[in-house]
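These numbers come from the heavy atoms of this one structure, side chains and all, not from hydrogens, waters or symmetry mates.
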Amino acid sequence: MSQTFRHPEILEIARREGKVTVEGLAEHFGVTLQTIRRDLSDLADAGRLERVHGGAVLPSSTTNILYEERRSLNPAAKQAIARSCAARIPNDISLFLNIGTSTEAVAQELLHHSKLMVVTNNMNVANILAANPECEIIVTGGHLRRTDGGLVGNLAVDTISQFKFDLAVVGCSALDGDGDMMDFDIQEVNVSRTILRQSRKTFLVADHTKFARTAPARIASLGDVDSVFTDKPLPPDLAHACRGWGTEVVVSEV
């Protein structure tokens with residue numbers, strides 16, 4: 001297979017997995033390590049990837065990838081994470097679900113829960129849970145972000161501040177190596193911080209690709225959430241930090 005055909009597939013694997021390795025790609029394509037190194041160098045020179053030790057990652061950015069593309073990334077992992085998370089959500093509680101494709105997957109798993117009061121700043125979550133007659137739905141209001149159905153801004157913050165939730169399930173755009181949850185939109189960051197402050201307990205849902213991405217705005221630390229639901233083990237240093245913080249890590253089988 002020529003590089004003309006390899007390059008698009010390498011980029012697709014990077015988008016799906018968050019990172020590619022030289023050895024993994026060499027095995028996948030049946031070519032030499034040197035060939036793959038040249039491919040990754042070419043893609044890096046074109047600004048499509050960033051080289052890291054042993055492979056490459058998607059380039060750092062100050063803007064998020066398109067919503068429909070995010071929705072198509074790792075659907076099996078997101079579904080497994082959502083099932084694990086929903087299994088830990090009891091009936092008869094107040095719950096917040098924020099913006100993101102992972103929280104939307106959790107909403108799908110809550111269609112048979114009963115006596116839930118769900119507050120959300122995610123129009124997609126509200127539409128999903130409308131199919132559950134046992135679920136009371138409150139939408140925060142705020143500035144509608146048409147790209148993903150999210151509601152952000154001061155009105156969303158003001159609405160959230162009126163509640164004290166039993167549980168919040170949140171997502172994020174990226175996870176730094178030191179355990180910081182990161183995002184792209186500062187308005188969304190302010191909303192997320194308010195959610196954490198107004199919740200008695202917080203679950204983070206994030207698949208492993210979030211560990212290979214970067215974003216410019218800090219939300220909070222994993223030490224500020226009670227449980228992290230993901231699909232692959234955390235890097236050893238971060239897993240050790242979570243144990244010190246008392247943050248539970250739940251790895252869901254895909």
Side-chain angles (χ1 to χ4, degrees), residues 67 70-71 74-75 77-132 134-140 142 148-152 156-157 159-161 163-175 179 181-183 188-210 219-231 234 242 247-252:
Y67 174 77
R70 301 204 312 271
R71 178 177 269 176
N74 281 346
K78 289 176 182 176
Q79 186 177 30
I81 291 167
R83 280 196 300 265
S84 297
C85 179
R88 299 277 293 276
I89 298 174
N91 296 315
D92 198 17
I93 65 166
S94 60
L95 173 67
F96 194 96
L97 293 174
N98 81 337
I99 301 170
T101 56
S102 294
T103 51
E104 291 169 24
V106 173
Q108 289 282 0
E109 297 296 325
L110 294 176
L111 290 177
H112 299 291
H113 275 57
S114 61
K115 298 180 180 178
L116 292 179
M117 184 186 80
V118 176
V119 183
T120 185
N121 65 328
N122 185 335
M123 297 292 288
N124 300 312
V125 162
N127 287 328
I128 291 166
L129 287 174
N132 182 353
E134 289 282 319
C135 180
E136 179 184 358
I137 304 164
I138 298 171
V139 179
T140 63
D148 61 3
L151 296 162
V152 297
V157 169
T159 304
I160 295 164
S161 297
F163 292 88
K164 190 73 173 182
F165 306 104
D166 294 318
L167 173 64
V169 178
V170 299
C172 64
S173 294
L175 282 161
M181 298 180 286
M182 310 295 290
D183 222 309
E188 185 174 349
V189 167
N190 290 334
V191 172
S192 296
R193 289 173 179 167
T194 306
I195 296 165
L196 294 177
R197 188 169 61 247
Q198 298 301 116
S199 302
R200 296 183 178 92
K201 195 172 188 178
T202 308
F203 292 167
L204 173 71
V205 284
D207 70 82
H208 73 277
T209 63
K210 301 298 174 69
I219 301 169
S221 166
L222 289 183
D224 297 317
V225 305
D226 295 278
S227 300
V228 178
F229 293 82
T230 188
D231 61 317
L234 271 58
C242 284
T247 300
E248 177 190 27
V249 179
V250 179
V251 179
S252 305

Could you go through the side chain to side chain contact (heavy atoms under 4.5 Å, CB included) check for Leu97 and Leu129 one step at a time? CA-CA 11 Å; Leu97 293 174; Leu129 287 174; 4.1 Å; yes
Ile99/Val191 under side chain to side chain contact (heavy atoms under 4.5 Å, CB included): CA gap, chis, key distance, verdict: CA-CA 10 Å; Ile99 301 170; Val191 172; over 6 Å; no
Apply side chain to side chain contact (heavy atoms under 4.5 Å, CB included) to the pair Thr140 and Phe96, showing each step before the final yes or no. CA-CA 10 Å; Thr140 63; Phe96 194 96; 4.0 Å; yes
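Within the 3.5 Å criterion, the main-chain N or O of Asp226 finds no donor-acceptor partner in the side chain of Thr202. Not a single donor-acceptor pair under 3.5 Å links the side chain of Asn121 to the backbone N or O of Gly150. Using modelled atom types, one side-chain atom of Thr247 and one backbone atom of Leu222 make a donor-acceptor pair closer than 3.5 Å. Side-chain atoms of Asp231 come within 3.5 Å of backbone N or O of His208 as a donor-acceptor pair. Remark: side-chain polar atoms of Ser94 are not paired, donor with acceptor, to backbone N or O of Met117 under 3.5 angstrom.
Here the closest heavy-atom approach between residue Ile160 and residue Phe165 is recorded as CG2-CE1, 3.8 Å. Considering all non-hydrogen atoms of both residues, Ala206 and Leu175 come closest at CB-CD1, 3.9 Å. The minimum heavy-atom distance linking Gly100 with Asn122 is given by the pair N-ND2, 3.4 Å. Taking each heavy atom of Ser227 and Arg88 in turn, the nearest pair found is OG-NH2, 4.1 Å. What you find for Ile137 and Ala126 is that their closest heavy atoms are CD1-O, 3.7 Å. Contact between Cys85 and Phe203 at its shortest, heavy atoms only, is SG-CD1, 3.8 Å.
Atom CZ of Phe229 and atom CD of Glu248 lie 6.0 Å apart (nearest 0.5 Å). The structure places CG of Leu95 at 12.5 Å from CD of Glu136, a figure rounded to the nearest 0.5 Å. Note: Asp148 CG to Asn124 CG = 7.5 Å, rounded to the nearest 0.5 Å. Atom-to-atom distance recorded for Asp224:CG and Leu204:CG is 11.0 Å, nearest 0.5 angstrom. Atom CG of Asn98 sits about 4.5 Å away from atom CD1 of Ile195, to the nearest 0.5 Å. Between Ile219 atom CD1 and Asn190 atom CG the span is 10.5 Å, to the nearest 0.5 Å.
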Under 3.5 Å, side-chain donor or acceptor atoms of residues 107-116 against the rest of the protein: list the pairs with distances, not counting sequence neighbours.
from   : atom 1 : to    : atom 2 : distance (Å)
His113 : NE2    : Ala86 : O      : 3.3
His113 : NE2    : Ile89 : O      : 2.8

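Within the 4.5 Å cutoff, the side chain of Ser192 has heavy atoms near those of the Glu188 side chain. No side-chain heavy atom of Val118 sits under 4.5 Å from any side-chain heavy atom of Asn132.
Annotation for Met123: atom CE does not count as buried by contact number, only 12 or fewer foreign heavy atoms lying within 6.0 Å.
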